[in-house]
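These numbers come from a predicted model, not from an experiment. In listed order, ligands and their atoms are each counted from 1.
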Amino acid sequence: MANLRVLSGMQPSGRLTLGNYIGALKNYVKLQHTHDCYFMVVDLHAITVPQEPEALREQSEAVSALYLAAGIDPSKATIFLQSTVSEHAELGWIMTTLSYMGELERMTQFKEKSAGKESVGVGLFTYPSLMAADILLYNADLVPVGDDQRQHLEITRDLAHRFNTRYGDMFKLPEPYYPEVGARIMSLDDASKKMSKSNPNPGSYIAMLDEPDVIRKKISRAVTDSGREVKYDPANKPEISNLMSIYSMCSDLSLAEIEARYEGQGYGPFKKDLAEAVVAVLEPIQARYREIRASGELHDVLRQGRERASELAAATLKQVKEKMGFVVL
Ligand code: ATP
Ligand code: LTN
């Protein structure tokens with residue numbers, strides 16, 4: 001249904017990983033054919049932890065180019081940078097004023113990212129209010145994300161409902177959209193943590209732009225349990241189950257088909273084939289990525305995206321302000 005709207009985003013806080021691809025980007029590419037899609041690079045969210053200016057610029061362009069390289073077609077979906085549509089910051093402030101300390105304090109992402117830090121930025125705390133603004137500005141129906149965003153989607157729905165109750169009907173309550181397998185890809189060095197692009201150990205993740213030989217090496221070194229059975233059992237065999245999810249998402253084999261294929265063979269052949277399946281998915285994306293970066297087309301795509309996104313965002317913000325009692329001139 002072309003009229004159902006989709007919105008999502010990724011932070012330019014490092015190099016995109018296979019977790020970002022499987023958990024979210026793959027669904028972006030799929031949904032563009034059936035929905036009215038808006039995909040952004042959430043640079044305003046990235047600065048909730050310190051970023052070097054040059055690195056922020058480079059990573060923002062890299063994430064945008066990876067969106068295109070992974071198959072998002074700018075004639076079908078709108079791609080833009082969050083900071084270029086100033087309504088995000090403005091509705092973000094409004095959502096902050098509607099948010100309660102208690103509900104933000106309960107966010108596990110906040111607890112994890114602030115744990116053990118001497119000084120914690122306020123932006124990290126109000127991060128979910130800005131994310132709610134991102135989604136509500138476009139009145140999105142569906143939000144493709146990985147499992148770690150579950151709480152943030154709930155708070156978005158709470159804030160939308162709170163606004164509607166206080167000021168009259170305005171926002172739809174958005175639904176999350178998760179992949180069936182791979183909504184939570186775990187770290188290669190510790191299957192109790194999610195694979196994350198800001199992990200300081202590059203061996204813990206596969207970056208979408210890792211060279212094929214680096215991918216092979218990282219997978220061969222990935223931690224596995226001491227057994228030898230390739231069996232999907234997340235509670236007792238979290239490492240192998242994680243690698244099986246990755247394999248399934250990179251090959252379109254089901255988990256049961258993978259179990260059957262490696263029965264009695266141990267981990268060696270499984271890991272070898274897994275590495276080739278990942279390389280086969282990422283190599284063509286990497287080739288397109290290099291072409292896109294060399295072509296200089298990126299800024300035009302992002303400018304066009306900003307125009308399309310601004311139109312919707314401005315209309316929503318105007319209505320919000322009217323409902324809240326701002327003098328709209
Ligand atoms: P950071 O480590 O900097 O917080 P991140 O790697 O978690 O970043 P985000 O930009 O926060 O990445 O997330 C972008 C999208 O990718 C979100 O929809 C998120 O749910 C999804 N995602 C991130 N990591 C994983 C993962 N390990 N498994 C599945 N989905 C993931
Ligand atoms: N918090 C998200 C990134 C994000 C987002 C959004 C995702 C910011 N705004 C709006 C979906 C919709 C994350 O992935 N860490």
Side-chain angles (χ1 to χ4, degrees), residues 5-28 31 37-51 55-56 59-60 62-63 66-67 70 80-83 85 88-89 91-92 95 107-110 112-114 123-124 126-157 159 174-188 190-202 204-208 242 245-246 249 309 313:
R5 192 167 291 147
V6 166
L7 176 127
S8 196
M10 306 214 183
Q11 302 184 70
S13 50
R15 303 182 319 138
L16 290 193
T17 70
L18 196 57
N20 297 131
Y21 179 70
I22 292 173
L25 188 48
K26 214 172 166 219
N27 272 338
Y28 294 5
L31 289 167
C37 290
Y38 290 78
F39 299 121
M40 39 174 199
V41 176
V42 293
D43 44 8
L44 296 174
H45 277 104
I47 60 163
T48 57
V49 297
Q51 303 288 341
L56 181 66
Q59 284 157 11
S60 298
V63 174
L66 271 173
Y67 280 3
F80 67 103
L81 301 164
Q82 185 188 30
S83 65
V85 178
H88 287 261
L91 187 63
M95 288 297 144
M107 294 291 117
T108 44
Q109 179 178 297
F110 173 70
E112 280 169 18
K113 294 210 170 182
S114 59
L124 205 54
T126 59
Y127 180 114
S129 315
L130 177 60
M131 177 161 162
D134 295 340
I135 297 168
L136 300 178
L137 263 184
Y138 301 88
N139 250 315
D141 299 279
L142 273 190
V143 184
V145 282
D147 183 69
D148 60 303
Q149 296 302 307
R150 211 170 271 276
Q151 265 190 325
H152 289 161
L153 258 294
E154 272 163 30
I155 206 171
T156 299
R157 292 166 59 88
L159 286 169
E175 298 283 346
Y177 184 89
Y178 305 110
E180 275 166 40
V181 176
R184 192 171 178 81
I185 299 297
M186 308 312 281
S187 186
L188 298 181
D190 177 355
S192 69
K193 291 194 306 211
K194 80 164 183 135
M195 183 181 283
S196 162
K197 63 171 117 71
S198 47
N199 188 317
N201 171 16
S204 71
Y205 59 78
I206 292 170
M208 288 183 70
N242 184 44
S245 301
I246 295 176
M249 290 303 278

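Note that OG of Ser245 is 5.5 Å distant from CD1 of Ile185, once rounded to the nearest 0.5 Å. Of the inter-residue distances, the one linking Ser187 atom OG with Asn201 atom CG reads 7.0 Å to the nearest 0.5 angstrom. To the nearest 0.5 angstrom, Ile135 atom CD1 is 13.5 Å from Arg5 atom CZ. One finds the CD atom of Gln11 at 9.5 Å from the CG atom of Asn20 (value rounded to the nearest 0.5 Å). Between the OG1 atom of Thr48 and the CG atom of Leu130 there is a distance of 9.0 Å, given to the nearest 0.5 Å. The CG atom of Leu137 sits 8.5 Å away from atom CE of Met40, with the distance rounded to the nearest 0.5 Å.
Using modelled atom types, no side-chain atom of Asn242 and backbone atom of Ala191 make a donor-acceptor pair closer than 3.5 Å. Arg15 places no side-chain N or O within 3.5 Å of a backbone atom of Lys197 that could act as its donor or acceptor partner. Asp43 contributes a side-chain N or O that, together with a main-chain N or O of Ser83, makes up a donor-acceptor pair within less than 3.5 Å. Not one N or O on the side chain of Gln82 forms a donor-acceptor pair closer than 3.5 Å with the backbone of His88. The main-chain N or O of Gly9 is found under 3.5 Å from a side-chain atom of Tyr28 such that the two form a donor-acceptor pair. Within the 3.5 Å criterion, the main-chain N or O of Val49 finds no donor-acceptor partner in the side chain of Lys113.
Heavy atoms of Asp148 approach ligand 1 to within less than 4.0 angstrom. Within the structure, the closest approach of Pro179 to ligand 1 does not fall below 4.0 Å when heavy atoms are considered. Ligand 1 has no atom lying under 4.0 Å from any heavy atom of Thr17.
Residue Ser13 has at least one heavy-atom neighbour below 4.0 Å for each of these atoms of ligand 1: 3 (O). Near Gln149, the atoms of ligand 1 lying under 4.0 angstrom from a non-hydrogen atom of the residue are 20 (O). Every atom of ligand 1 with a heavy atom of Gly182 under 4.0 Å away is listed here by number and element: 29 (C). Taking every non-hydrogen atom of Leu7 and a distance limit under 4.0 Å, the qualifying atoms of ligand 2 come out as 10 (C), 12 (C). Those atoms of ligand 1 with a heavy atom of Gly23 less than 4.0 angstrom away are 29 (C), 30 (N). Close contacts of ligand 2 with Gln11, meaning ligand atoms under 4.0 Å from a residue heavy atom, involve 15 (N). Of all the atoms in ligand 2, the ones that sit under 4.0 Å from a non-hydrogen atom of Val143 are 11 (C), 12 (C). Atoms of ligand 2 lying under 4.0 Å from at least one heavy atom of His45, given by number and element, are 8 (C), 9 (N).
Only the backbone of Ala183 comes within 4.0 Å of ligand 1, judged by heavy-atom distances. Within the 4.0 Å heavy-atom criterion, the part of Arg184 lying near ligand 1 is the backbone and not the side chain. Of all the heavy atoms of Val145, the ones lying under 4.0 Å from any atom of ligand 1 are found in both the backbone and the side chain. With a heavy-atom cut-off of 4.0 Å, Gln149 touches ligand 2 through its side chain alone. Contact annotation for Ile135 and ligand 2: only side-chain heavy atoms (C-beta onward) come within less than 4.0 Å of the ligand. Residue contacts with ligand 1 for Ala24 involve side-chain atoms from C-beta outward but no N, CA, C or O (heavy atoms, distance under 4.0 Å).
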Would Asp148 and Gln109 count as a side chain to side chain donor-acceptor pair (under 3.5 Å) here? Give the steps.
CA-CA 8 Å; Asp148 60 303; Gln109 179 178 297; over 6 Å; no
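The option from Met186, Lys113, Gln11 that lies nearest to atom 4 (O) of ligand 1, judged by heavy atoms, is Lys113. With distances taken over non-hydrogen atoms, the option nearest atom 7 (O) of ligand 1 out of Met131, Lys194, Lys197 is Lys194.
Counting all heavy atoms, side chain and backbone alike, Gln51 lies closest to Ser13 at NE2-CB, 3.8 Å. Minimum heavy-atom separation, Ala140 to Val6: CB-C, 4.5 Å.
Ring geometry for His45 against Tyr127 counts as tilted: the plane angle lies between 30° and 60°, on a 0 to 90° scale.
For the pair Met10 and ligand 1, the shortest N or O to N or O distance does not fall below 3.5 Å. Remark: ligand 1 and Tyr127 share no N or O pair separated by less than 3.5 Å (distance only, no angle test). Between Asp134 and ligand 2, at least one N/O pair is under 3.5 Å apart.
Atom 14 (C) of ligand 1 has its closest protein heavy atom at Asn20 ND2, 3.5 Å. Looking at atom 1 (N) of ligand 2, its nearest protein heavy atom turns out to be Tyr127 OH, 2.6 Å. Residue, atom and distance of the protein heavy atom nearest to atom 1 (P) of ligand 1 are Ser198 OG, 3.2 Å. Atom 2 (O) of ligand 1 has as its closest protein heavy atom Ser196 OG, 2.4 Å. Closest protein heavy atom to atom 27 (N) of ligand 1: Ile185 O, 2.7 Å. Distance from atom 11 (C) of ligand 2 to its nearest protein heavy atom, with residue and atom name: Ser8 OG, 3.4 Å. Scanning the protein heavy atoms around atom 31 (C) of ligand 1, the nearest turns out to be Gly19 O, 3.4 Å.
For an aromatic pair to be called close, the ring centres must be under 6.0 Å apart, and Phe110 with His152 fails this.
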